[in-house]
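Working notes, structure below.
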Amino acid sequence: MITQIKQTAEFIAARVNKLPKTAIILGTGLGELVNHIEISVSIPYKEIPNFPVSTVEGHSGRLIFGKLGNKEIMAMQGRFHFYEGYDMKQVTFPVRVMKELGIKTLFVSNASGGMNPSFKIGDLMIITDHINLFPEHPLRGKNYEDLGPRFPEMSEAYSARLIAEAKKVADANNIRVVEGVYVGTQGPTFETPAEYRYFHRIGGDAVGMSTVPEVIVARHGGMEVFGISVITDLGIEGVVEKVSHEEVQKAAAAAEPRMTLIMKELINNFEEL
Ligand code: HPA
């Protein structure tokens, strides 16, 4: 695995003039952020050695380097989901490569179903913590000390200082944000009413099918993480309605300008470690 990570990082580094310290995974709700990046290098995933190839419709699948405001950044346009059939090592491989390239801070976004009764469709939820319910762990197997410790510490998986900064940005721009715990599940089914109820009772505020594996690997590698989720549907007792991929896309698109603004300002203003 280490050989592959190094090989891929070398391939990328050879094409990029100035390597950034900040990376963004452009998940649902953040696709449009790409239009704010002054792109200097763009590499389709299919050209990158050892990279999995994106399968989901509408995910262009490329790695972007450039400037977002005054920050040099690297962005993943299109991520790899466990439900697509990738194993956890493949899902999280790009995060390993990020670390090897010198990334210190990772920003992620996703869409999720809200279970907290105070949430509304279209809300932006700053992820304060997560519950990992994926059936496979990205760190299972031999641990390479060069990548991180055998038993990583997870008491502050999502950076408290970045959460505070994001709330300031939202406040200053009159954008409603909520905070909560993201439950990561494998999908691809949306939840039954009983599952939503269960995930809420165990401490979740929203549930989705991504992010947790990438965050675990980022934390394993000592990266600082910030995540935000757009609530695209509700799984609240008595309020569970039919949900479709189209509705998720529609609600995410409606929230996109707010999500983009928060991420853009946050990334522009935060102090790199
Ligand atoms: N459940 C799981 N994943 C999701 C949901 C949901 O309700 N909404 C968007 N992604």
Side-chain angles (χ1 to χ4, degrees), residues 25-33 54-59 76-86 88 91-92 107-136 138 157-158 176-216 226-260 262-263:
I25 299 177
L26 300 170
T28 308
L30 267 191
E32 202 240 322
L33 190 69
S54 193
T55 63
V56 169
E57 246 180 277
H59 291 254
M76 272 182 78
Q77 189 173 31
R79 63 145 61 94
F80 305 101
H81 299 91
F82 188 70
Y83 62 73
E84 292 175 84
Y86 303 111
M88 280 303 187
V91 168
T92 57
F107 294 83
V108 295
S109 81
N110 61 48
S112 62
M115 304 175 298
N116 183 317
S118 72
F119 289 2
K120 301 198 244 317
I121 288 180
D123 271 347
L124 300 179
M125 184 187 90
I126 294 176
I127 303 175
T128 55
D129 204 346
H130 74 219
I131 296 175
N132 178 18
L133 293 184
F134 281 91
E136 187 185 315
Y158 299 81
R176 172 183 150 97
V177 285
V178 295
E179 291 173 65
V181 174
Y182 177 89
V183 177
T185 60
Q186 63 174 316
T189 43
F190 291 111
E191 285 62 38
T192 63
E195 285 165 345
Y196 282 123
R197 190 164 61 237
Y198 161 59
F199 293 153
H200 185 234
R201 289 194 183 166
I202 62 169
D205 296 292
V207 55
M209 308 173 195
S210 68
T211 303
V212 167
E214 293 116 310
V215 170
I216 288 172
F226 175 81
I228 192 161
S229 186
V230 48
I231 306 295
T232 55
D233 51 276
L234 296 175
I236 295 168
E237 265 189 275
V239 194
V240 181
E241 284 177 359
K242 268 209 173 121
V243 50
S244 66
H245 183 58
E246 290 67 35
E247 280 167 293
V248 167
Q249 301 285 64
K250 202 170 141 219
E256 194 149 292
R258 285 175 282 131
M259 177 99 110
T260 304
I262 292 180
M263 276 295 205

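As the structure lists them, so they are numbered: ligands from 1, and atoms in each ligand from 1. Computed from a predicted structure; not experimentally measured.
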- Task: Run the numbers on R258 and V230 for side-chain contact (heavy atoms from CB on, under 4.5 Å), then give the verdict.
- Result: CA-CA 10 Å; R258 285 175 282 131; V230 48; over 6 Å; no
- Is G187 near ligand 1, meaning one of its heavy atoms is under 4.0 Å from it? no
- Message: Check contact between S112 and ligand 1, using heavy atoms of the residue and a distance below 4.0 angstrom.
- Response: yes
- Task: Do me a favour and list the nearest non-hydrogen protein atom to atom 4 (C) of ligand 1 with residue, atom name and distance?
- Result: V207 O, 3.6 Å
- Query: To the nearest 0.5 Å, how far apart are NE2 in H200 and CD in E195?
  - Reply: 15.5 Å
- Task: Among all protein heavy atoms, pick out the one at the shortest distance from atom 9 (C) of ligand 1; state its residue, atom name and that distance to 0.1 Å.
- Result: T232 OG1, 3.4 Å
- Item | ring pair (Phe, Tyr, Trp, His ring centres under 6.0 Å) against Y182, all qualifying residues, sequence neighbours excluded | none
- Is the closest side-chain heavy-atom distance between N110 and R79 below 4.5 Å? yes
- Of Q249, E191, M209, the one whose closest heavy atom lies nearest atom 1 (N) of ligand 1 is E191
- Message: Just to confirm my output: which protein heavy-atom neighbour is closest to atom 5 (C) of ligand 1, and how far is it?
- Response: G113 N, 3.3 Å
- Message: In terms of relative ring orientation, are F107 and F226 parallel, tilted or perpendicular, with 30° and 60° separating the classes?
- Response: tilted
- Are D233 and ligand 1 in contact, using a heavy-atom cut-off of under 4.0 Å? yes
- List every atom of ligand 1 that sits less than 4.0 Å from any heavy atom of A111, numbering the atoms from 1 in the order shown and giving each element. 9 (C), 10 (N)
- Of all residues at least two apart in sequence or in a different chain, which pass the salt bridge (Lys or Arg N to Asp or Glu O under 4.0 Å) check with D123? R176
